[in-house]
Amino acid sequence: MSKGVTPQSKDYSTWYTDVVIKAGLADYGPVKGTMVIKPYGFALWDNIKESFDRMIKETGHVNAYFPMFIPKSFFTREAKHIEGFAKECAIVTHTRLKTDSDGSLIVDPESRLEEEVIIRPTSETIIWSMYKKWIQSYRDLPLLINQWVNVVRWEMRTRLFLRTTEFLWQEGHTAHATAEEAEEETLLILELYRQLAEDFLAIPVLTGLKTEAEKFAGAEKTYCIEAMMGDKRSLQAGTSHYLGQNFAKAFDVTFQTKDNKEDYVYATSWGISTRLVGAVIMVHGDDKGLRLPPKIAPYQVVIVPIARNKDHEKLVKDFIEPITFGLKENNVRVHEDWSDNSPGFKFNEWEMKGAPIRMEVGPRDVENNQVVLVRRDTNEKFNIGKEDLLNKIPTLLDEIQLSLFEQAKNFRDENTHTINSYDEFKDIVSNGGFVRCGWDGDAVTETAIKNETKATIRCIPFDEQTEGLSCIYSGKPAKHEVIYAKAY
RNA sequence: CGGGGUGUAGCGCAGCCCGGUUAGCGCACCUGCUUUGGGAGCAGGGGGUCGGAGGUUCGAAUCCUCUCACCCCGACCA
C-alpha cells in the first residue's frame, strides 16, 4: 500500500476513493455496488443519526419500522412514482434454493412467488397502505412517523457513500389535515436539514425548490439542501417533499374533518442518507485525508504518546492519564494511540482519519508540564501548559468547527458566479462552480441546457431575485433565478 | 446496454510475445533484536488449485477455444 492519497488536483474521484479506503471508512462488498461501512465510517453516520434523531423528536416525530418487502402491486397505484423507480428495483421472485441433480445450488422453480415482492427503494407505498388503516378522523392527525432503514436502488454506476445499491437513510412520512400544515411540515424539516448540515457537519447549503424535472417521483413540490463539493460540483444533500394528496388518493386515505366532511389526507416525505458522509469527505477533505468537523468526529482529540524506552512510556502514561480522564469528564471524545507504530506514522494516520486535534506527549513535554497540540484544519502547532488543557480544548474544538464551515463557505462563494451570457455560462460550468442566472421557466430550455452543458438546475433558491432578469438561454424574461451546476 | 481493459499471495504488480528447474518482486503479515518528536532498521519466517472449464504438448501462468468475474469511459439517480 502506498503512502498518502492521490492528490485532489491530479484526480479528484481517485482522491475520494483513496480517502474512503485509507481512512478506514468503508470497503467494497461482494455484490457489485454494495458497501461495507466500517466502524470508523459508521461512527460518523451514528453521530449524524443521533443528532438528527434528537431534532425530529424535539419537533414531535416518532420512529417506527415498516417492512422492506413491498407487494409489486403497490407500485402501480401512483403512476409517476412507479415511473420514477421502475428502472432500479430489486425484485424477490423465489423463496427457496435447492441442490440440483449435479450437486449445484439452484433457485427452486417450485418456490416462485405468485406476486413478486419489491425491496423498498423508498417506503411511501407501504406506509400509505398502512396509514389507510390508521387514519379515520382529523383526531388521528397529524401523523408524524420516521424510520431509520436501508433501501435498495439498483444503480448502474456506484461510488462509495455517494451512490450505492443499498444505502442507509431516514425517511419521514407525515399525514396532515390541511395542505398548509403539510407545507409547513415540509419546510420545517428542510430547516432542520439546513441546521444539521451547517451547524453539525459544517457544510454550507443552499435551500430552495426543485424544478418539475428534478422533483421526486410522486411529489407536488420538492425542496432541497444543495452543497458544493471540493471539485465545485453540486451534491443534493437532503430532500423534503410536499406530496399533496397524491398518495392519499392512490391509497384511498381519507379522514373525517371537524365539520364532518370527508377529505383526502395531505402528505409529506423527507430523507437524508449515508450520502452525507460522502459530503463531509468532499467538502472538508484535503490531500492529507479527511478533516472532520469536531461535532461529528469519532475522536475529537487523539493523543500520540512518544516514548524512547519503558521508563519514558511509564512517565508519559502517568502524565496522560489525568488528561484523558479530565477530557472525558468534559464530554470530549478522546483516544490514546498506544499502538506499536512510530510517532511519525501515527501523525500521518490520524491526519488521514481527520481527527480535529492531535496531542503529542513526550518526555520533553512531561518535563515542561505541557503538551503539543496540532489543529487538523490549519496545521497550526503549539505548546500548551497542562493546567490550561481542560479549558482550552473545548474552545479549540468550537473554533475548528467554525473554521471548517467558514472555509467551505468561502470556497462556495468564491465559486458561485452571476453571469450575463450563455458563453460565460458554458465556460464556468465546464470548469466547475455554481452559476446564478435567470431561467424562463420552460422545461424545454432546461433540457437543452442540460444536453449542451451537462449542468442541471440544482434549485430555485428561496432568495431569488427575478426583477429585470432574463433567461440565460432564451433571452426571455426570467420566471425564476436559479442555481445551475454539474451535480453528483 | 455500447466502447476499452484486467484477472498470478491480503493489496499492488512482473513473468506470457519466444512453453522447460522449486513462479518472483514491493507493501502488508508473523518472530526476534535495535528503535521511537513527521510514514524506523536489520535478520529470519509464513502465505499461491497462476479467475474457471476444456484442448494442444513429453511438459502450460505462458499457445488455442469457451466461460465467469471485476474495473474504467458514455444514457439514469439520494
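Computation of the quantities below employed the complete heavy-atom set of this structure, encompassing side-chain atoms and omitting hydrogens, waters and symmetry-equivalent molecules. Every value quoted in this text rests on a predicted model; they were computed, and no experiment measured them. Chain identifiers are assigned alphabetically (A, B, ...) following the order of the sequence lines, protein sequences preceding nucleic acid strands; residue numbering begins at 1 within each chain.
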For this session: Could you please name the option among B:U36, B:C77, B:G38 that lies closest to any side-chain atom of A:E88?
Result: B:C77
Exercise. Taking any strand in view, what nucleotide pairs with B:U31 in a Watson-Crick or G-U wobble way, both distances under 3.5 Å?
Worked result: B:A43
Exercise. Expressed in whole Å, how much space separates the P atoms belonging to B:G48 and B:A23?
Worked result: 12 Å
Seminar exercise, completed: Sequence neighbours excluded, the answer for ring-ring contact (aromatic ring centres under 6.0 Å, His included) partners of A:F251 is A:F74
For this session: Could you check which of B:G39, B:U36, B:G38 has an atom nearest any side-chain atom of A:R308?
Result: B:U36
Problem set entry | Nearest atoms (heavy-atom pairs only) where A:M352 meets A:A23 | O-CB, 3.6 Å
Problem set entry | Side-chain N,O (A:R163) to OP1/OP2 (B:C77) below 4.0 Å | no
Exercise. Under 4.0 angstrom, heavy atoms only, what part of the nucleic acid is A:R159 near: base, sugar-phosphate, or nothing?
Worked result: nothing
Problem set entry | Opposite nucleotide pairing with B:C17, Watson-Crick or G-U, both atom distances under 3.5 Å | none
Exercise. What is the base-pairing partner of B:U6, counting Watson-Crick and G-U wobble geometry with both distances under 3.5 Å?
Worked result: B:A69
Side-chain donor/acceptor pairs under 3.5 Å, residues 279-288 of chain A, sequence neighbours excluded:
unit_1: A:H284; atom_1: NE2; unit_2: A:L201; atom_2: O; d: 2.8
unit_1: A:H284; atom_1: NE2; unit_2: A:A202; atom_2: O; d: 3.3
unit_1: A:D286; atom_1: OD1; unit_2: A:K288; atom_2: N; d: 2.8
unit_1: A:D286; atom_1: OD1; unit_2: A:G289; atom_2: N; d: 3.3
unit_1: A:D286; atom_1: OD1; unit_2: A:R376; atom_2: NH2; d: 2.7
unit_1: A:D286; atom_1: OD2; unit_2: A:R376; atom_2: NH1; d: 3.0
unit_1: A:D287; atom_1: OD1; unit_2: A:Q8; atom_2: N; d: 2.8
unit_1: A:K288; atom_1: NZ; unit_2: A:N379; atom_2: OD1; d: 3.4

Problem set entry | Given RNA chain B, 5'-ward residue of the pair A:F85 and A:G344, judged by closest heavy atom | A:G344
Problem set entry | Whether A:Y484 and A:F425 hold their rings parallel, tilted or perpendicular, with breakpoints at 30° and 60° | perpendicular
For this session: Assert yes or no for the condition that the ring centre distance of A:H173 to A:W270 is strictly below 6.0 Å.
Result: no
Problem set entry | Whole angstrom value for the distance that separates P of B:G10 from CG of A:D27 | 14 Å
For this session: Considering just the side-chain nitrogens and oxygens of A:S342, establish if one lies under 4.0 Å of OP1 or OP2 belonging to B:U36.
Result: no
Restricting both atoms to N or O, compile the protein contacts to nucleotides 72-74 of chain B shorter than 3.5 Å, with distance only.
unit_1: B:C73; atom_1: OP2; unit_2: A:R157; atom_2: NH2; d: 2.4

Problem set entry | Polar pair under 3.5 Å, donor/acceptor by atom type, side chain A:D365, base B:G37 | yes
Problem set entry | Six-ring centre of A:W350, A:R291 cation under 6.0 angstrom, axis tolerance 45° | no
Exercise. Which whole number of Å gives the distance between the C1' atom of B:G51 and that of B:G59?
Worked result: 23 Å
Problem set entry | Whole-Å P distance, B:C29 and B:C71 | 27 Å
Problem set entry | Centroid separation A:Y242 to A:Y223 less than 6.0 Å | no
